[in-house]
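Before any comments, here is the structure.
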Amino acid sequence: MKKYLFPLLLLVIAAIGICAHNIYISKGDTYHTYRTQDVESITFDHSDSMYVAWNGEKHAYARSAVDSISLRKPSLEAGQNAINGIFANESFYSDFGNFTCHTIKGNPWTIDFHTAKATGYVSSSTTPSESYLVSPAYDMTHVLKATLTFKYILAYSRTNSKDKVLITDNYTGDPSTTKWTDITGELAAPGTTTTGKIDWYTFASYQKDIPSQFLGESRVVIALYYSCTSSSTTWEVKNLQLSASDQWEDEVDVPDVDPNNTNKNVVTATTNQEMWRLEFPKVKGDANNLVITHATADYGITYSLEWDCTKRANRWTCYQMHEGNSMKNVSRNDSFTEDPDIPYAFCSHNSDYSGTGFSRGHLCPSADRLCSKEQNKQTFYLSNMQPQYAEHNEGLWANLEALVRRWNQASYRDTLYVVKAATIDQEDQVAMYTESGLPVAKYFYMAVLAVKNGSYTALGIWTEHLNVADTNKHYADYVISIDELEQRTGIDFFCNLPDDIEATVESTVSLDYWGLQ
């Protein structure tokens with residue numbers, strides 16, 4: 001584009017920027033996106049560089065790298081979009097996931113001890129090596145902030161060995177010819193000394209905000225890079241996540257309201273794709289909450305949940321019970337782990353419970369998912385837990401969980417839809433916070449919906465969270481209507497039911513139907 005066109009372009013932006021949504025700057029097979037309302041100016045300086053003053057920042061481009069500037073989105077291939085705000089979520093437990101190893105020479109990245117490992121030291125000798133672990137391209141055109149996190153160990157640190165975190169928005173397909181930006185910062189971890197015992201068990205945490213010049217780009221690629229000559233550091237990486245914590249979207253037409261269901265969850269390309277299911281409550285759906293579904297190939301969905309990233313706590317867990325997922329094929333897993341779908345900075349950890357006196361209380365119980373080892377393991381994600389007094393968790397709550405399993409038989413249901421949660425939304429319903437900041441609820445509750453031969457029946461269960469043994473086996477005392485449960489919690493349950501059915505089943509409770517007197 002010639003220089004003399006830029007003043008004209010600025011006039012065009014000033015004239016129609018109110019109506020147009022975005023400005024697109026094409027660069028080869030990528031583009032950068034700006035909202036017109038945030039663009040202050042586009043100018044050149046004497047060095048032939050182009051500058052975009054945008055949203056209080058200044059982004060620079062070499063004029064030779066700019067193909068065009070337009071108000072229409074270029075027909076170029078963009079990168080992968082974030083799902084529930086997460087671009088990458090790689091455990092490196094058994095493979096590289098969506099990352100690809102590109103080895104220039106010597107030893108490649110490998111999977112070892114459930115980590116991605118880079119080293120030139122193999123079989124008691126060092127091979128001069130250079131290798132990249134490269135991500136797919138990510139579409140960050142609507143991202144205002146993104147963060148990269150992972151856990152790592154860096155052992156036997158050597159001055160002639162390099163370990164770096166790299167990023168680019170112009171990946172050539174060959175990492176050795178790509179112009180990378182080094183965002184490594186400081187890597188320090190247990191085991192960096194060359195003498196003494198190396199600690200292979202204590203992982204350090206890496207966290208880095210993606211630099212602003214890559215936000216707005218359509219094809220952002222990150223890479224983990226290592227190289228060595230005569231001696232080598234060993235670098236182990238696991239639980240890598242790239243998450244967007246702040247995004248903006250183009251203006252879109254408001255979807256038509258379903259006249260038969262005015263309050264249902266609306267599923268779009270950027271939301272959780274399972275939110276239409278009957279077990280889902282109305283999602284909060286703001287920037288501080290993630291909606292996550294865990295599933296397996298053999299048995300489908302294990303459960304879904306909404307996670308409050310600010311409180312690092314579960315708002316609710318929901319799931320189905322039916323003939324297809326109620327088999328008892330395996331035993332209890334009993335291995336509590338962090339949820340791999342929640343960025344490290346926002347998830348809860350086993351250390352949050354240590355020394356608190358509270359149990360890690362299941363919401364979707366282990367005993368409700370014994371059809372496979374994988375499904376049972378997913379019930380032990382800490383995102384499916386709430387801090388509970390042992391007396392409540394192993395007493396009243398366990399008895400009520402057993403009651404729900406009693407209802408999971410053909411005489412009660414074709415399918416049972418279950419929501420379980422603790423009161424964390426309203427401060428007057430939070431008893432306290434643990435030392436690490438986890439909320440401890442005053443109340444635990446359930447919402448249960450049964451469908452049998454096309455007919456629906458529902459009830460709510462409400463319990464006070466107390467550190468005392470509850471000897472009351474008259475479970476009808478804990479039953480309330482769904483309408484009452486919604487008033488107490490502020491959550492709209494079974495919102496995906498047609499409005500007329502929802503109004504009927506949520507207003508009344510049939511104790512006879514549930515075998516309660």
Side-chain angles (χ1 to χ4, degrees), residues 83-84 86 89-91 93-95 97-98 264-283 289-307 314-342 362-385 401-402 404-421 446-454 456-458 493-497:
I83 299 176
N84 290 331
I86 299 176
N89 182 30
E90 304 294 352
S91 68
Y93 188 86
S94 58
D95 55 41
N98 290 322
K264 69 180 181 182
N265 287 319
V266 177
V267 179
T268 70
T270 59
T271 64
N272 182 293
Q273 297 300 292
E274 307 298 337
M275 292 183 343
W276 58 271
R277 297 165 67 92
L278 288 186
E279 68 267 26
F280 266 79
K282 185 77 172 181
V283 303
N289 290 269
L290 298 174
V291 181
I292 297 168
T293 295
H294 291 299
T296 65
D298 292 335
Y299 292 97
I301 291 176
T302 308
Y303 61 86
S304 302
L305 65 99
E306 186 167 21
W307 185 257
N314 178 303
R315 292 193 70 231
W316 45 257
T317 288
C318 67
Y319 59 98
Q320 295 183 11
M321 302 176 75
H322 49 71
E323 293 301 320
N325 63 12
S326 299
M327 296 77 78
K328 295 182 179 180
N329 300 324
V330 299
S331 58
R332 178 183 172 100
N333 173 75
D334 243 345
S335 178
F336 295 87
T337 58
E338 297 160 358
D339 191 322
D341 287 349
I342 300 177
H362 282 72
L363 294 174
C364 176
S366 166
D368 285 4
R369 288 294 185 259
L370 297 174
C371 45
S372 74
K373 288 183 178 180
E374 188 177 1
Q375 280 215 330
N376 193 258
K377 178 181 177 180
Q378 289 174 350
T379 70
F380 284 85
Y381 289 155
L382 292 173
S383 59
N384 185 43
M385 308 294 155
E401 289 177 329
V404 173
R405 280 191 289 277
R406 191 180 83 191
W407 295 332
N408 182 33
Q409 49 185 300
S411 59
Y412 288 97
R413 57 91 186 116
D414 295 325
T415 300
L416 208 62
Y417 304 93
V418 182
V419 185
K420 294 181 181 176
M446 307 181 186
V448 183
L449 172 71
V451 59
K452 178 69 176 175
N453 298 326
Y456 295 87
T457 309
F493 299 99
F494 309 125
C495 63
N496 293 325
L497 279 172

With sequence neighbours left out, what residues match Tyr303 under ring-ring contact (aromatic ring centres under 6.0 Å, His included)?
-> His294
Return the set of residues passing side chain to side chain contact (heavy atoms under 4.5 Å, CB included) with Glu374 (not counting sequence neighbours), or none when no residue passes.
-> Thr296, Ser372, Gln378
Residues at least two apart in sequence or cross-chain that pass side chain to side chain contact (heavy atoms under 4.5 Å, CB included) with Asp334, listed by chain then number, are Arg332, Phe336, Phe380
Mind checking side chain to side chain donor-acceptor pair (under 3.5 Å) for Arg413 and listing every partner two or more places apart, or none if nothing turns up?
-> Glu323, Asn408
Return the set of residues passing side chain to side chain donor-acceptor pair (under 3.5 Å) with Asp341 (not counting sequence neighbours), or none when no residue passes.
-> Asn89
Who pairs with Lys452 by salt bridge (charged side-chain N to carboxylate O under 4.0 Å, His left out), at least two apart in sequence or on another chain?
-> Asp414
Contacts of type side chain to side chain contact (heavy atoms under 4.5 Å, CB included), residue Thr293, not counting sequence neighbours = Asn272, Glu274, Phe280, Ile301, Ser304
Identify, with sequence neighbours excluded, every residue that meets side chain to side chain contact (heavy atoms under 4.5 Å, CB included) alongside Ser94.
-> none
Return the set of residues passing salt bridge (charged side-chain N to carboxylate O under 4.0 Å, His left out) with Lys282 (not counting sequence neighbours), or none when no residue passes.
-> none
Please name all residues satisfying side chain to side chain donor-acceptor pair (under 3.5 Å) with Asn265, sequence neighbours left out, ordered by chain then number.
-> none
Under the side chain to side chain donor-acceptor pair (under 3.5 Å) test, which residues partner Tyr456, sequence neighbours left out?
-> none
Would you tell me whether Tyr299 and Asn329 have side-chain atoms, one donor and one acceptor, within less than 3.5 Å of each other?
-> yes
With Leu416 as reference, evaluate Leu449, Val448, Val451 under the side-chain contact (heavy atoms from CB on, under 4.5 Å) test and give the passing residue.
-> Val448
Considering all heavy atoms, the nearest Thr302-Tyr319 contact | O-CB, 3.5 Å
